[in-house]
Student: 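Handing you this structure, nothing more for now.
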Amino acid sequence: MTPDEELLDTIEEIRRERFPNLSPSLVKAIVAVEQEFPDNRPEAFRRISDAIDEQLNHKGEA
């Protein structure tokens, strides 16, 4: 298991235990953005905001 996989597994375990209503795909998307843009905070913020907006829009459709 790679360090990235271990990190995702740990985060997923915490999400399941403490925040079961939070979408696993949203958490995974946020982690991916953070890994992709560690030195570009404005771009990371924009992409995370987009991911949250997309998640909220899909919830409204259900």
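Index from 1, following the sequence.
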Student: Would you say that Ile48 contacts Glu34 through its side chain, given a criterion of any heavy-atom pair below 4.5 Å between the two side chains?
Tutor: yes

Student: Restricting to pairs with a member in residues 47-58, which pass salt bridge (Lys or Arg N to Asp or Glu O under 4.0 Å), not counting sequence neighbours?
Tutor: Glu43-Arg47, Arg46-Asp50

Student: Kindly write out the residues that satisfy side-chain hydrogen bond (donor to acceptor under 3.5 Å, both in side chains) with Ser25, not counting sequence neighbours, or none if the list is empty.
Tutor: Ser23

Student: Glu36: which residues meet the side-chain hydrogen bond (donor to acceptor under 3.5 Å, both in side chains) condition with it, sequence neighbours left out?
Tutor: none

Student: Holding to side chain to side chain contact (heavy atoms under 4.5 Å, CB included), I want the full list of residues that pass it with Glu13, two or more places apart in sequence or in another chain.
Tutor: Arg16, Glu17

Student: If you define the side chain from C-beta out and look only at heavy atoms, does anything of Pro42 sit under 4.5 Å from Asn40?
Tutor: yes

Student: Measuring from atom CZ of Arg15 to atom CG of Asn21, what distance do you get when rounded to the nearest 0.5 angstrom?
Tutor: 9.0 Å

Student: Looking only at heavy atoms, which two atoms of Gln35 and Pro38 are closest? And how far apart?
Tutor: O-CD, 3.4 Å

Student: Going by the rule side-chain hydrogen bond (donor to acceptor under 3.5 Å, both in side chains), which residues pair with Asp9 if we only count those two or more places apart in sequence or in a different chain?
Tutor: none

Student: Working to the nearest 0.5 angstrom, can you tell me the gap between Asn57 CG and Gln55 CD?
Tutor: 9.5 Å

Student: Should Phe45 and Phe37 be regarded as members of a common hydrophobic cluster, given that ILVMFWY residues are connected when their side-chain heavy atoms come within less than 4.5 Å of each other, either directly or indirectly?
Tutor: no

Student: Answer yes if Ile14 and Leu26 sit in the same cluster of Ile, Leu, Val, Met, Phe, Trp and Tyr residues linked by side chain heavy atoms under 4.5 Å apart, and no otherwise.
Tutor: no

Student: In the single-linkage hydrophobic clustering (I, L, V, M, F, W, Y; side-chain heavy atoms under 4.5 Å), do Leu22 and Val33 co-cluster?
Tutor: yes

Student: Holding to side-chain hydrogen bond (donor to acceptor under 3.5 Å, both in side chains), I want the full list of residues that pass it with Arg18, two or more places apart in sequence or in another chain.
Tutor: none

